[in-house]
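Working notes for the structure below.
Since the structure is predicted, the reported quantities are computational estimates derived from the model, not experimental observations. As a basis for the values below, the full set of heavy atoms in this structure was taken, side chains included, without hydrogen atoms, waters or symmetry mates. Below, chain A is the first sequence line, B the second, and so on; all start at residue 1.
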Protein chains: 2
Amino acid sequence: MCDVDTVYIKVDSVNIFLYIATMSSKKKKKTYHHGDLRNSLLVAAEKELRQKGTDISLREVAKVAGVSHTAPYRHFKDKTALLQALAAIGYQRLAEGVRAAKDQHADEPIEAMLGAARAYVELAVNNPEMTQLMFGGVLDQEVIIEEDLGVCSGDAFQALLEVVDLGLEHDVYQSDNRMEIALANWSMVHGLSMLITCGQLSGEAETDESVQGLTRMVGEMLMTGLKKKT
Amino acid sequence: MCDVDTVYIKVDSVNIFLYIATMSSKKKKKTYHHGDLRNSLLVAAEKELRQKGTDISLREVAKVAGVSHTAPYRHFKDKTALLQALAAIGYQRLAEGVRAAKDQHADEPIEAMLGAARAYVELAVNNPEMTQLMFGGVLDQEVIIEEDLGVCSGDAFQALLEVVDLGLEHDVYQSDNRMEIALANWSMVHGLSMLITCGQLSGEAETDESVQGLTRMVGEMLMTGLKKKT
DNA sequence: ACCTGAACACCGTTCAAGT
DNA sequence: ACCTGAACACCGTTCAAGT
């Protein structure tokens with residue numbers, strides 16, 4: 001009743017509470033989770049996602065993170081909220097990948113777009129479960145619980161628009177409608193990604209090289225067109 | 001003990017058993033499910049899919065079909081098998097839609113392809129949950145339990161190839177690689193479908209008209225190319 | 001042959017309680 | 001403030017049993 005752990009109640013200070021808890025955890029069995037549990041949960045969730053696919057259990061995530069199965073509810077409203085927060089991280093990486101490709105080809109707008117396409121497909125193929133989580137209808141994009149999801153997914157689209165604008169500035173496109181150009185590129189690249197990650201192209205997209213080849217191929221086809229010139 | 005229902009055991013004939021069961025069902029409460037339960041389960045499953053989305057419960061499907069929660073196991077190995085059989089129906093409709101569009105434009109290969117694209121996107125947008133089931137990673141395409149799935153999904157791709165061949169016969173494409181042309185078209189159309197059905201384009205794809213407009217737009221962009229001609 | 005009902009291990013979520 | 005443990009209603013699947 002009068003041991004170290006009870007002191008913090010009377011002191012009523014978060015910092016001191018944490019300090020004592022940290023100290024005592026070195027002696028006793030670590031029962032409380034210290035530090036950023038929210039983040040630990042997301043890390044655990046991604047590990048589970050990669051291993052078991054899109055249908056992961058919140059209880060298992062908690063177990064992997066080393067807390068009780070009710071602890072996640074301190075940081076996320078429900079299971080969907082955790083998955084949305086995880087998807088938000090996926091969109092963040094997507095935006096980063098696209099911007100990195102753009103910066104590498106600042107003077108060659110077409111190569112910048114093809115590079116962005118390569119980054120998009122590569123990320124999707126290397127993280128198929130994450131891709132399915134983001135775009136597979138596991139979570140309703142209509143009902144956004146974690147605001148991060150809306151922000152990050154919007155920013156990813158923004159990154160794509162920046163690559164389009166690069167081309168418009170250099171006057172390389174026939175059309176001057178940035179939305180249309182963006183949507184055509186996005187659809188093409190997204191479609192290829194989804195077809196590969198859901199296993200429809202299992203025959204022709206097995207190695208990294210073949211995936212890159214396919215990406216370049218469909219990307220150039222969109223740029224030059226399929227129809228014969230008259 | 002000695003009423004009508006027990007006769008069939010001694011007779012040991014399926015037909016007679018079924019006949020007696022049918023007769024008795026008119027008098028008593030219908031406890032057994034007569035006729036094609038397999039089909040009834042698929043109908044119930046699609047109803048549930050449309051209502052509750054991709055995460056449906058096998059028990060609920062059984063309840064909707066009017067049988068006990070273990071009855072489905074007489075017709076499907078497990079829940080995944082039922083979902084795969086349902087997805088197979090989706091691929092079947094896709095193949096039909098594409099072929100119908102092709103037959104409508106037998107002399108205009110480009111219009112045939114654009115029509116097929118329209119059919120594909122339309123079907124996806126009108127059945128978003130089915131689309132997510134087919135392509136969203138809910139079921140592993142790697143592990144096919146219901147053989148129908150493999151057959152029907154292969155046939156849907158076959159239908160697309162037929163539309164490509166129409167164009168090759170009329171010599172309208174720059175490339176002569178049917179696989180490449182097919183993949184470019186498929187990626188484009190599939191990407192647009194998935195972006196709409198997962199809610200990413202909620203702003204610009206609300207009405208049937210706007211969806212058709214977007215489909216035609218990206219389709220024509222692929223045909224003519226984005227880049228300025230030099 | 002076809003279906004039922006009890007049983008098991010799991011799940012998401014809530015809530016009173018503990019430190 | 002942060003986490004736990006019991007409890008509840010649900011789920012997929014198995015199996016002995018019924019007609």
ask   = Relative to the 5' end of DNA chain D, which residue comes earlier, Ser68(A) or Arg59(A), by the nucleotide with the nearest heavy atom?
value =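 Result: Ser68(A).
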message = Defining pairs by Watson-Crick or G-U wobble geometry with both distances under 3.5 Å, how would you list the stems of DNA chain C with at least three pairs each?
response =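 DNA chain C stems, ordered by first number: C:4-8 with D:12-16, C:12-16 with D:4-8.
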inquiry  = Any side-chain N or O of Ser57(A) below 4.0 angstrom from OP1/OP2 of dC11(C)?
reply    =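 Yes, Ser57(A) has a side-chain N/O under 4.0 Å of OP1/OP2 on dC11(C).
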inquiry  = Expected output is a numbered-order residue list: members of residues 74-89 of chain B with a heavy atom under 4.0 Å from any atom of DNA chain C. What is it?
reply    =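 Close to the strand are Arg74(B), His75(B).
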Integer-rounded Å distance: [N] [atom2] and [X] [atom1]:
{"X": "Leu58(B)", "N": "dT14(D)", "atom1": "CG", "atom2": "C1'", "answer": "13 Å"}
{"X": "Ile145(A)", "N": "dT13(C)", "atom1": "CD1", "atom2": "C1'", "answer": "13 Å"}
{"X": "Asp55(B)", "N": "dC11(C)", "atom1": "CG", "atom2": "P", "answer": "14 Å"}
{"X": "Asn39(B)", "N": "dC2(C)", "atom1": "CG", "atom2": "P", "answer": "15 Å"}
{"X": "Glu60(A)", "N": "dT13(C)", "atom1": "CD", "atom2": "P", "answer": "16 Å"}
{"X": "Arg38(B)", "N": "dC3(C)", "atom1": "CZ", "atom2": "P", "answer": "13 Å"}
{"X": "His69(B)", "N": "dC15(D)", "atom1": "NE2", "atom2": "C1'", "answer": "11 Å"}
{"X": "Tyr73(B)", "N": "dT13(D)", "atom1": "OH", "atom2": "P", "answer": "4 Å"}

key: Within the 6.0 Å centroid threshold, strictly below: Phe157(B) and Tyr91(B)   =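 So the answer is no for these two rings.
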message = Within a 6.0 Å radius of atom CD on Glu147(A), are there more than 12 heavy atoms belonging to other residues, nucleotides or ligands?
response =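 For Glu147(A), atom CD is not crowded (no more than 12 foreign heavy atoms under 6.0 Å).
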ask   = Does atom CD of Gln51(B) have more than 12 heavy-atom neighbours, drawn from other residues, nucleotides or ligands, at distances under 6.0 Å?
value =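 Result for CD/Gln51(B): enclosed.
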inquiry  = Taking side-chain contact (heavy atoms from CB on, under 4.5 Å) as the criterion, tell me which of Thr131(B), Leu139(B), Leu83(B), Val138(B) meets it with Thr54(B).
reply    =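 That would be Val138(B); it is the only one of Thr131(B), Leu139(B), Leu83(B), Val138(B) passing the side-chain contact (heavy atoms from CB on, under 4.5 Å) with Thr54(B).
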ask   = Can you tell me if Arg50(A) and Asn127(A) form a side-chain donor-acceptor pair at under 3.5 Å?
value =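 Yes - a donor-acceptor pair under 3.5 Å links their side chains.
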inquiry  = Closer than 3.5 angstrom, by distance alone: can the side chain of Asp78(B) be matched with the main-chain N or O of Ala81(B) as a donor-acceptor pair?
reply    =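 Yes; judged by distance alone, with no hydrogens or angles, the pair exists.
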query = To the nearest 0.5 Å, how far apart are CD1 in Ile56(A) and CG in Leu82(A)?
reply =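 Rounded to the nearest 0.5 Å, the CD1-CG separation comes to 6.5 Å.
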message = Can you list everything that forms a ring pair (Phe, Tyr, Trp, His ring centres under 6.0 Å) with Phe76(A)? Sequence neighbours excluded, please.
response =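 Not a single residue meets the ring pair (Phe, Tyr, Trp, His ring centres under 6.0 Å) criterion with Phe76(A).
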request  = Indicate, yes or no, whether a donor-acceptor pair under 3.5 Å links the base of dG5(C) to the side chain of Thr70(B).
outcome  =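 For Thr70(B), whose side chain was compared with the base of dG5(C), there is a donor-acceptor pair (under 3.5 Å).
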message = Contact between Leu192(B) and Val211(B) at the side-chain level, heavy atoms closer than 4.5 Å - yes or no?
response =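 Counting from C-beta outward, Leu192(B) and Val211(B) never come under 4.5 Å.
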